[in-house]
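Notes follow the structure.
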Amino acid sequence: QVQLVESGGGSVQAGDSLRLSCAASGRTLSRYNLGWFRQAPGKEREFVGAITWSSGNTYYADSAKGRFTISRDIAEKMVYLQMNSLKAEDTAVYYCAAGNTYYGRSALDYAYWGQGTQVTVSS
């Protein structure tokens, strides 16, 4: 099993940057993709991007490309979501998730979830 805990959310102004952290634990993470999702009120949970733990390869939703960057710290078992040039429409609860589907982009591809952290962007 994988346990995930997000942190780093908060309230910022449009154009600001924020880095979210996800602390992961488990026997091994090498078989997993570590993904970031977000969910705004009244909306479906939306894929943001993911990183393959073993290789460090990343892939992103179109809405995140060029603004958001996912990285990992292998020794600390941490995954990060660096968000730049934030917009009001980025306001959501952000979740870290783990799954083993190749290039998984659906919430259904991820079996383990953190509790979420709120990001609020004011224009």
Side-chain angles (χ1 to χ4, degrees):
Q1 295 190 23
V2 179
Q3 295 80 45
L4 304 167
V5 180
E6 303 96 333
S7 62
S11 298
V12 299
Q13 294 291 120
D16 286 352
S17 297
L18 199 63
R19 190 177 79 162
L20 306 183
S21 299
C22 173
S25 63
R27 186 173 181 85
T28 179
L29 300 177
S30 61
R31 65 177 293 183
Y32 291 103
N33 294 329
L34 278 297
W36 287 96
F37 289 77
R38 65 186 183 185
Q39 188 165 25
K43 304 290 186 180
E44 294 294 318
R45 194 161 295 188
E46 176 189 20
F47 175 74
V48 176
I51 186 166
T52 299
W53 187 260
S54 59
S55 68
N57 289 339
T58 57
Y59 55 99
Y60 301 92
D62 288 341
S63 61
K65 291 178 181 176
R67 296 193 301 127
F68 294 1
T69 303
I70 296 171
S71 60
R72 78 200 195 288
D73 185 321
I74 296 174
E76 298 295 328
K77 294 185 177 180
M78 297 289 290
V79 182
Y80 304 101
L81 177 64
Q82 177 67 45
M83 303 186 291
N84 298 328
S85 302
L86 284 163
K87 307 172 182 178
E89 52 262 43
D90 295 320
T91 296
V93 176
Y94 283 72
Y95 296 90
C96 182
N100 56 17
T101 298
Y102 188 65
Y103 284 152
R105 292 175 175 266
S106 168
L108 297 176
D109 296 322
Y110 292 81
Y112 304 100
W113 294 84
Q115 83 289 346
T117 185
Q118 176 72 47
V119 173
T120 302
V121 184
S122 300
S123 60

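Only heavy atoms go into these numbers, but all of them, side chains included; no hydrogens, no water, no symmetry mates.
For Ser21 against Met78, the heavy-atom pair with the smallest separation is CB-CE, 3.7 Å. Residues Gly35 and Ala50 come closest through the heavy atom pair CA-CB, 3.7 Å. Of all non-hydrogen atoms in Ser17 and Ser85, the two that sit nearest each other are OG-N, 4.2 Å. The nearest pair of heavy atoms linking Val2 to Ala98 is CG1-CB, 4.1 Å. Across all their heavy atoms, Ser123 and Ala14 have their closest contact at CA-CB, 4.1 Å. Residues Leu4 and Tyr112 approach most closely at CD1-O, 3.5 Å, considering heavy atoms.
In this view, Gln118 and Thr120 satisfy the side chain to side chain donor-acceptor pair (under 3.5 Å) rule, not counting sequence neighbours.
Thr58 contributes no side-chain N or O that, together with a main-chain N or O of Ile51, makes up a donor-acceptor pair within less than 3.5 Å. Under the 3.5 Å distance criterion, the side-chain polar atoms of Arg105 are matched with a main-chain donor or acceptor of Tyr60.
Salt-bridge annotation for Lys65 and Asp62: present, with a side-chain N of the basic residue lying under 4.0 Å from a carboxylate O of the acidic one.
In this structure the side chain of Tyr80 never reaches within 4.5 angstrom of the side chain of Thr69, judged on heavy atoms. Taking 4.5 Å as the limit, every side-chain heavy atom of Asp109 sits out of range of all side-chain heavy atoms of Tyr103. Proximity of Leu34 to Arg72: side-chain heavy atoms (C-beta onward) are nowhere separated by under 4.5 Å.
Cluster annotation: Val79 is not connected to Val93 through the hydrophobic network of ILVMFWY side chains, with a link wherever side-chain heavy atoms come within less than 4.5 Å. Note on Phe47 and Tyr94: separate hydrophobic clusters, where clusters join Ile, Leu, Val, Met, Phe, Trp and Tyr whose side-chain heavy atoms are under 4.5 Å apart, directly or indirectly.
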Verdict with reasoning, Cys96 to Trp113, per side-chain contact (heavy atoms from CB on, under 4.5 Å): CA-CA 6 Å; Cys96 182; Trp113 294 84; over 6 Å; no
Full working for side-chain contact (heavy atoms from CB on, under 4.5 Å) between Met83 and Val48: CA-CA 11 Å; Met83 303 186 291; Val48 176; over 6 Å; no
Verdict with supporting geometry, Ser63 and Glu89, side-chain contact (heavy atoms from CB on, under 4.5 Å): CA-CA 10 Å; Ser63 61; Glu89 52 262 43; over 6 Å; no
Evaluation steps, side-chain contact (heavy atoms from CB on, under 4.5 Å), between Leu81 and Glu6: CA-CA 10 Å; Leu81 177 64; Glu6 303 96 333; over 6 Å; no
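Separating the CG atom in Asp90 from the CZ atom in Phe68 is a distance of 4.0 Å, to the nearest 0.5 Å. The distance from atom CD1 of Ile70 to atom CD of Gln82, rounded to the nearest 0.5 Å, is 11.5 Å. Atom-to-atom distance recorded for Ile74:CD1 and Ser54:OG is 9.0 Å, nearest 0.5 angstrom. Rounding to the nearest 0.5 Å places CG of Leu86 at 6.5 Å from CZ of Arg67.
For the side chain to side chain donor-acceptor pair (under 3.5 Å) with Gln39, the qualifying choice from Glu46, Glu44, Arg45 is Arg45, the only one to do so.
Taking the six-membered ring for Trp and the full ring otherwise, Tyr110 and Phe37 have centroids separated by under 6.0 Å.
Applying the side chain to side chain donor-acceptor pair (under 3.5 Å) test to residues at least two apart or on different chains, the pairs with a partner in residues 24-33 are Gln3-Ser25, Thr28-Ser30, Asn33-Thr52, Asn33-Tyr59.
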